[in-house]
Structure formats: C-alpha cells, structure tokens
Engineer: 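Encoded as structure tokens, here's the structure I'll be asking about.
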Amino acid sequence: MNYPTVHLNKSINKVYVSFKLNEKRIRLYSGKRIHSKINPNSHPLTEREDVAWLLCAEVYKYIISGGLLLSNDKEDIITGKRSDIEYMK
C-alpha cells in the first residue's frame, strides 16, 4: 500500500483521499468506510485540505493495523477479514 494522498475534484469542489491497495485505486471522500467521523467536505473550503490530510493518516493507520475495507457495494473485501458479527449482518 502506498501512503494516501489528497486530491481536489474541482468540478464539485470536494476533496478526496486516494491510494492504491492490491492494485486497486481507492478513493474516499469521508472516513465512513473505515468507521471514522472525519468528513473533510463538511468543513469550509479553506479547511478541507488540512482535514483531508488527517483522514489520510487515519486511513493509513487503519489499513496497516489490519482493518476491514469493503468495496462501495459492501460485497467484496478489499483488505482485512470480516468478524463473525459482520458475517451475520
């Protein structure tokens, strides 16, 4: 895994975190998929990039520690393992 970077989608004025994992490009606009409350796009435009770098650090720490990351449709596992409770959902 490479360290996540921050990008700006100029057409919609939103920032996102991007990284490659298992040869797949992953884009996260918020920390929702890693169970984080960090949402850079809920902040004013001037602060979004700074908050997105905090999200980068949290994403990296989460993935390195073995956290579960699912695809957008929550069907495919990108990394990590499901717990027994998650299988039951």
Side-chain angles (χ1 to χ4, degrees):
M1 173 186 176
N2 59 341
Y3 195 80
T5 56
V6 173
H7 302 277
L8 172 65
N9 186 334
K10 292 180 183 179
S11 65
I12 58 174
N13 281 332
K14 289 192 176 191
V15 295
Y16 62 90
V17 172
S18 173
F19 58 97
K20 275 197 159 189
L21 183 63
N22 301 332
E23 300 301 319
K24 290 186 178 184
R25 183 182 60 190
I26 311 295
R27 291 180 181 177
L28 300 176
Y29 284 85
S30 71
K32 191 174 189 179
R33 287 175 56 194
I34 63 164
H35 310 290
S36 170
K37 293 183 179 182
I38 296 177
N39 185 356
N41 295 305
S42 67
H43 293 271
L45 288 171
T46 56
E47 299 174 11
R48 287 183 183 182
E49 186 176 351
D50 294 335
V51 177
W53 281 110
L54 293 174
L55 181 59
C56 283
E58 195 158 323
V59 166
Y60 188 76
K61 184 175 137 186
Y62 181 81
I63 298 298
I64 294 299
S65 67
L68 178 67
L69 184 64
L70 299 174
S71 62
N72 281 337
D73 58 9
K74 298 188 180 193
E75 293 294 322
D76 299 326
I77 296 175
I78 297 171
T79 187
K81 295 181 180 177
R82 292 184 194 255
S83 68
D84 291 340
I85 293 174
E86 290 168 331
Y87 275 114
M88 300 294 285
K89 288 182 182 179

Engineer: Give me the atom names and distance for the closest heavy-atom approach of S18 to H7.
Structural biologist: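 Scanning both residues, the minimum pair turns out to be CB-CD2, 3.3 Å.
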Engineer: Using the rule that two of Ile, Leu, Val, Met, Phe, Trp, Tyr join whenever any of their side-chain heavy atoms come within less than 4.5 Å, decide whether L68 and L21 are in one cluster.
Structural biologist: yes
Engineer: On a heavy-atom basis, which atom in R27 and which in R33 lie closest, and how many Å separate them?
Structural biologist: O-NH1, 4.0 Å
Engineer: Does V6 belong to the same Ile/Leu/Val/Met/Phe/Trp/Tyr cluster as I12, with side-chain heavy atoms less than 4.5 Å apart forming each link?
Structural biologist: no
Engineer: Do the side chains of T5 and V17 get nearer than 4.5 Å, heavy atoms only?
Structural biologist: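 Counting from C-beta outward, V17 and T5 never come under 4.5 Å.
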Engineer: Check the pair I26, K20 against side-chain contact (heavy atoms from CB on, under 4.5 Å), reporting the backbone distance first and the verdict last.
Structural biologist: CA-CA 6 Å; I26 311 295; K20 275 197 159 189; over 6 Å; no
Engineer: List in chain and number order the residues that pass side chain to side chain donor-acceptor pair (under 3.5 Å) with S36, two or more places apart in sequence or in another chain; answer none if no residue qualifies.
Structural biologist: E58
Engineer: By ring-ring contact (aromatic ring centres under 6.0 Å, His included), which residues pair with F19, not counting sequence neighbours?
Structural biologist: none
Engineer: If I take atom CD from residue E47 and atom OG from residue S42, how far apart are they, to the nearest 0.5 angstrom?
Structural biologist: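 Result: 9.5 Å between the selected atoms.
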Engineer: I want to check something: taking the side chain as every heavy atom from C-beta on, are L8 and E49 in contact at a cut-off of under 4.5 Å?
Structural biologist: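 Sidechains of E49 and L8: no contact.
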Engineer: Linking I/L/V/M/F/W/Y whenever any side-chain heavy atoms sit under 4.5 Å apart, do V51 and I34 land together?
Structural biologist: yes
Engineer: If the plane angle is over 60° it's perpendicular, under 30° parallel, otherwise tilted; pick one for H35 and Y62.
Structural biologist: perpendicular
Engineer: Sequence neighbours excluded, which residues qualify as ring-ring contact (aromatic ring centres under 6.0 Å, His included) partners of H43?
Structural biologist: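 So H43 forms no ring-ring contact (aromatic ring centres under 6.0 Å, His included) with any residue.
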Engineer: Starting from Y16, can I reach L55 by hopping between I/L/V/M/F/W/Y residues whose side chains sit under 4.5 Å apart?
Structural biologist: no
Engineer: Taking the side chain as C-beta and beyond, is there a heavy-atom pair between N39 and Y29 under 4.5 Å?
Structural biologist: no
Engineer: If you compare all heavy atoms of V15 against all heavy atoms of A52, which two are closest, and at what distance to 0.1 Å?
Structural biologist: CG2-CB, 3.9 Å
Engineer: Can you tell me how far the CG atom of N13 sits from the CG atom of N41, to the nearest 0.5 Å?
Structural biologist: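 If we round to the nearest 0.5 Å, N13:CG and N41:CG are 9.5 Å apart.
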